[in-house]
Amino acid sequence: MLRNLRSEPRICSDDFNQRLVVITGASSGIGWATAKKYATHRADLLFINRNEPKTRVLCEALKNEYNINCSYILADFMRLSDIYSAVAKLSNLGRNIDVLIHNAGIYNTTRILTADHLEATFQINYLSTFILNYSLKEKFRNQASGRILFVNSEAYRFAAFGLHLDDLSWNKYRYSGIISYGSAKLAQLLSMLKLNEFFRGSGVTINAMHPGNVKTNSGQNNGKIYRYLKKLLLDRNSRPVDFAAEALYYLGVSNEVVMASGKFFNLTTEEKPAPPALDMEAAEKLWEVSLELGGFHEKK
């Protein structure tokens, strides 16, 4: 893992003319850079964002500069109702989703509960991705093609002892921002194990990517001290978000990874995840909990 942290992403120069790419959290940072990257290769873009003014400006700019199709769905992943609304619209698109990029995320140094009485980092970073993937899995399999990508993180390693499935809202355990964030990213990887099984042989792939230390606005909601320390310790050695965008384009388009699924990439370098991210028993338990929290009430 350590030797890959300064690696360069592989580059894909293939075009993606009028293929549909759905990106969550595309109004800034990695999502914005990734949208621009796909636009340069003439993809059709559909954003799932919560900030309408920024999203509208982004869409118009990309349409004008690259002459592409760009649209958006408004959804705040702090509310499960918004996630379900986005699912309904995606399910009724009337066309294939060629690439779905789960980029929306949050990092909180203090415990915050959503309107649905769930811990915010877990709901936004993990449960939203589960609801979208679970709801769209039949659509993807019927397409017989498509790629699903998680913007994940090596921070999943901070959940070294696995998930507290009995206390996902941190009511009993002492809250830690980095462990909560790592737990949500670990949950993404565990759900990937189950979804990879579901998609096996279908032509649909699902993978996760660590974007490296790139400079984003993540964590700006955490107050002056956090922002100062982030600027001093993290941003000083960070790289442009273009590195992550290049990797997400390569993983979404390149024929070199057309058969890769259920994999974890550090940018575009494949890594074997740590044991907690390969625990199928934990993945099964998380799946059951996620079905309940997501309102599906199905046991598989």
Side-chain angles (χ1 to χ4, degrees), residues 24-25 48 50 75-87 102-135 150-195 208 217-227 229-230 234 273-300:
T24 71
I48 306 177
R50 64 183 177 89
D76 184 347
F77 288 173
M78 285 282 283
R79 296 190 290 267
L80 291 180
S81 59
D82 277 19
I83 305 173
Y84 300 138
S85 177
V87 162
H102 293 289
N103 171 69
I106 194 171
Y107 179 85
N108 288 326
T109 56
T110 57
R111 176 176 174 263
I112 297 173
L113 296 183
T114 69
D116 304 287
H117 309 292
L118 296 170
E119 194 271 319
T121 303
F122 177 81
Q123 179 167 318
I124 294 172
N125 293 30
Y126 168 67
L127 190 60
S128 65
T129 69
F130 175 83
I131 292 172
L132 286 166
N133 287 335
Y134 187 83
S135 301
F150 292 109
V151 178
N152 199 261
S153 174
E154 293 282 8
Y156 81 86
R157 297 174 185 273
F158 286 104
F161 300 103
L163 303 177
H164 299 307
L165 291 176
D166 62 329
D167 188 28
L168 291 171
S169 290
W170 300 85
N171 291 308
K172 295 184 294 184
Y173 293 92
R174 182 178 179 181
Y175 183 85
S176 161
I178 190 62
I179 296 177
S180 171
Y181 183 79
S183 296
K185 294 303 183 181
L186 175 59
Q188 282 187 348
L189 296 180
L190 291 174
S191 74
M192 184 172 73
L193 296 179
K194 290 284 293 176
L195 287 162
N217 291 326
S218 176
Q220 293 302 300
N221 55 296
N222 289 313
K224 292 182 180 179
I225 294 176
Y226 176 86
R227 292 197 297 270
L229 292 174
K230 181 175 184 289
L234 295 178
L278 299 172
D279 187 340
M280 184 55 80
E281 182 178 351
E284 295 279 0
K285 292 178 180 178
L286 174 65
W287 189 263
E288 298 299 330
V289 171
S290 302
L291 287 171
E292 183 69 25
L293 292 175
F296 297 107
H297 306 293
E298 179 182 346
K299 303 299 180 183
K300 286 196 176 183

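Residue numbers start at 1 and run along the sequence shown.
- Side chains of Ser183 and Tyr126: a donor-acceptor N/O pair is absent below 3.5 angstrom, by distance only.
- Here the OG atom belonging to Ser191 is positioned 7.5 Å from the CZ atom belonging to Phe130, to the nearest 0.5 angstrom.
- In this structure, Met192 and Ala208 approach most closely via the heavy-atom pair SD-N, 3.7 Å.
- Taking the six-membered ring where tryptophan is involved, the planes of Trp170 and His164 are perpendicular, since the angle between them exceeds 60° and thus also 30°.
- Side-chain atoms of Asp279 come within 3.5 Å of backbone atoms of Glu281 as a donor-acceptor pair (strictly under, hydrogens ignored).
- Nearest heavy-atom pair across Gln188 and Val151 is OE1-O, 3.9 Å.
- In terms of modelled atom types and a separation under 3.5 Å, the side chain of Ser180 and the main chain of Gly177 share no donor-acceptor contact.
- Checked against the 6.0 Å centroid criterion, the rings of Trp287 and Tyr134 qualify as a close aromatic pair.
- Distance CG/Asn103 to CD1/Ile48: 11.5 Å, rounded to 0.5 Å.
- Using a 4.5 Å cut-off on side-chain heavy atoms (C-beta onward), Leu190 and Leu163 make contact.
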Quick one: do Leu286 and Leu165 satisfy side chain to side chain contact (heavy atoms under 4.5 Å, CB included)? Show the steps, please.
CA-CA 7 Å; Leu286 174 65; Leu165 291 176; 3.8 Å; yes
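- Residues forming a side chain to side chain contact (heavy atoms under 4.5 Å, CB included) with Ser128 (at least two apart in sequence, or on another chain): Phe77, Ile83.
- A donor-acceptor contact shorter than 3.5 Å is absent between the side chain of Tyr181 and the backbone of Phe158.
- Panel note: side chain Asn125, backbone Ala184; no donor-acceptor pair is recorded below 3.5 Å.
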List the steps and the verdict of side chain to side chain contact (heavy atoms under 4.5 Å, CB included) for Phe296 and Ser135.
CA-CA 9 Å; Phe296 297 107; Ser135 301; 3.5 Å; yes
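- The OG1 atom of Thr129 sits 7.5 Å away from the CG atom of Leu127 when rounded to the nearest 0.5 Å.
- Heavy atoms from other residues, nucleotides or ligands lying under 6.0 Å from CZ of Arg50 number 12 at most.
- One N or O on the side chain of Asn152 and one on the backbone of Lys185 form a donor-acceptor pair closer than 3.5 Å.
- Side-chain atoms of Thr114 come within 3.5 Å of backbone atoms of Asp116 as a donor-acceptor pair (strictly under, hydrogens ignored).
- For the atom pair His117 NE2 and Leu293 CG, the distance stands at 13.0 Å (nearest 0.5 Å).
- The distance from the CG atom of Leu278 to the CG atom of Leu189 is 8.5 Å, given to the nearest 0.5 Å.
- A donor-acceptor distance shorter than 3.5 angstrom exists from the side chain of Asp76 to the backbone of Met78, with no hydrogens or angles considered.
- Summarising the geometry, atom CG belonging to Asn171 is positioned 7.0 Å from atom CG belonging to Leu113; distances are rounded to the nearest 0.5 Å.
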For a side chain to side chain contact (heavy atoms under 4.5 Å, CB included) check, start with the C-alpha distance between Glu284 and Met280, then their side-chain angles and the critical distance, and finish with the verdict.
CA-CA 6 Å; Glu284 295 279 0; Met280 184 55 80; 4.3 Å; yes
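- Between Gly25 and Ala104 the shortest heavy-atom distance is N-CB, 3.9 Å.
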